[in-house]
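Written below as structure tokens is the structure these notes are about.
Note: hydrogens, waters and symmetry copies are ignored here, and every other heavy atom, side chains too, is used. Residue numbering restarts at 1 for every chain, and letters A, B, ... go by the order of the sequence lines.
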Amino acid sequence: AQSVTQLDSHVSVSEGTPVLLRCNYSSSYSPSLFWYVQHPNKGLQLLLKYTSAATLVKGINGFEAEFKKSETSFHLTKPSAHMSDAAEYFCVAIKAAGNKLTFGGGTRVLVKP
Amino acid sequence: EAGVAQSPRYKIIEKRQSVAFWCNPISGHATLYWYQQILGQGPKLLIQFQNNGVVDDSQLPKDRFSAERLKGVDSTLKIQPAKLEDSAVYLCASSLDWGNRNTEAFFGQGTRLTVV
């Protein structure tokens, strides 16, 4: 069975400092992996996706993520947090057989001025 | 490109009443998903359609929840009768390709249901 684990339910950072959101997956084979962001009262928006091409993936708003098969991880980073980054972030895995999306539990990011 | 449309945005009902949600996916998207997101949790898949056929409804509480996708386009999700624990945001999503794991899902803004 496929599962996705986000290691931190809450992350608090100061504006202008780096952000790290951790995600681990378990699967018998490499899935495709995505990070979505959800702002309050808004739908989920795709930040970036890994689809077995380059292991370092760049997304929107300065976010990037690195796929590490040996660690079964897909951590999301941003070098400098902005107040507008305050939101909930979801790591999502998908496998081709059925296009089923598996969500992590989410990480809520708080950005302090 | 128009996104995934959902209505209503908000709904408050009393327990044991019925409620229906509507979703219009992005044009041409074959796969449609309904997710339930309880406050503080990640979305949980309720049902997945491929065109107008059900691919996965293993987590749909079939004694009270039902869903259909007429003509493989719009979809409705119904709850009858509602329980307090059904209070959640119901998200609809769609994706383009069947069997292509490189295609992302696009989400609607959701319907926030409160059962009192």
Partner set under salt bridge (charged side-chain N to carboxylate O under 4.0 Å, His left out) for A:Glu64, not counting sequence neighbours |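 A:Glu64 satisfies salt bridge (charged side-chain N to carboxylate O under 4.0 Å, His left out) with A:Lys58 once adjacent residues are dropped.
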Could you name each residue pair satisfying side-chain hydrogen bond (donor to acceptor under 3.5 Å, both in side chains) that touches residues 13-23 of chain A, not counting sequence neighbours?
->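 Those involving residues 13-23 of chain A are A:Asp8-A:Arg22.
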Measure the shortest side-chain to side-chain distance between B:Leu45 and A:Leu101 over non-hydrogen atoms and say whether it is less than 4.5 angstrom.
->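 Contact flag for B:Leu45/A:Leu101 side chains = no.
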Heavy-atom neighbours of [X] [atom1] exceed 12 at 6.0 Å:
| X | atom1 | answer |
| --- | --- | --- |
| B:Lys62 | NZ | yes |
| B:Lys78 | NZ | no |
| A:Ile60 | CD1 | yes |

Side chain, backbone, both or neither of A:Leu46 within contact of chain B (heavy atoms, under 4.5 Å) =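 Side chain only.
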Portion of A:Gln6 that has a non-hydrogen atom of chain B nearer than 4.5 angstrom =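 Neither part, no heavy atoms under 4.5 Å.
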State the CD-CZ distance between A:Gln45 and B:Phe107, to the nearest 0.5 angstrom.
->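 Here the rounded value is 12.0 Å.
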Out of curiosity, A:His39 NE2 to B:Gln109 CD, how far, rounded to the nearest 0.5 Å?
->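 So the NE2 of A:His39 and the CD of B:Gln109 are separated by 12.5 Å.
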Could you have a look at B:Gly42, B:Gly110, B:Pro43 and say which one has the most heavy-atom pairs with chain A under 4.5 angstrom?
->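 Highest number of pairs under 4.5 Å: B:Pro43.
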Are [X] and [Y] connected, step by step, through hydrophobic side chains (Ile, Leu, Val, Met, Phe, Trp, Tyr) whose heavy atoms are closer than 4.5 Å?
| X | Y | value |
| --- | --- | --- |
| B:Leu84 | B:Phe21 | yes |
| B:Ile13 | B:Phe65 | yes |
| B:Val4 | B:Ile47 | no |
| A:Val11 | A:Leu48 | yes |

Taking heavy atoms only and a threshold strictly under 4.5 Å, list by residue number the residues of residues 105-113 of chain A that touch chain B; give 'none' if the list is empty.
->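 Listed by number, the contacting residues are A:Gly105.
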So what's closer than 4.5 Å to chain A heavy atoms on B:Gln37: side chain, backbone, both or neither?
->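 Only the side chain of B:Gln37 comes within 4.5 Å of chain A.
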Partners passing ring-ring contact (aromatic ring centres under 6.0 Å, His included) against B:Phe49 (at least two apart in sequence or in another chain) |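 By the ring-ring contact (aromatic ring centres under 6.0 Å, His included) rule, B:Phe49 matches no residue at all.
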Is there a side chain to side chain contact (heavy atoms under 4.5 Å, CB included) between A:Tyr36 and B:Glu104 once you walk through the steps?
-> CA-CA 10 Å; A:Tyr36 282 84; B:Glu104 68 263 32; 3.7 Å; yes
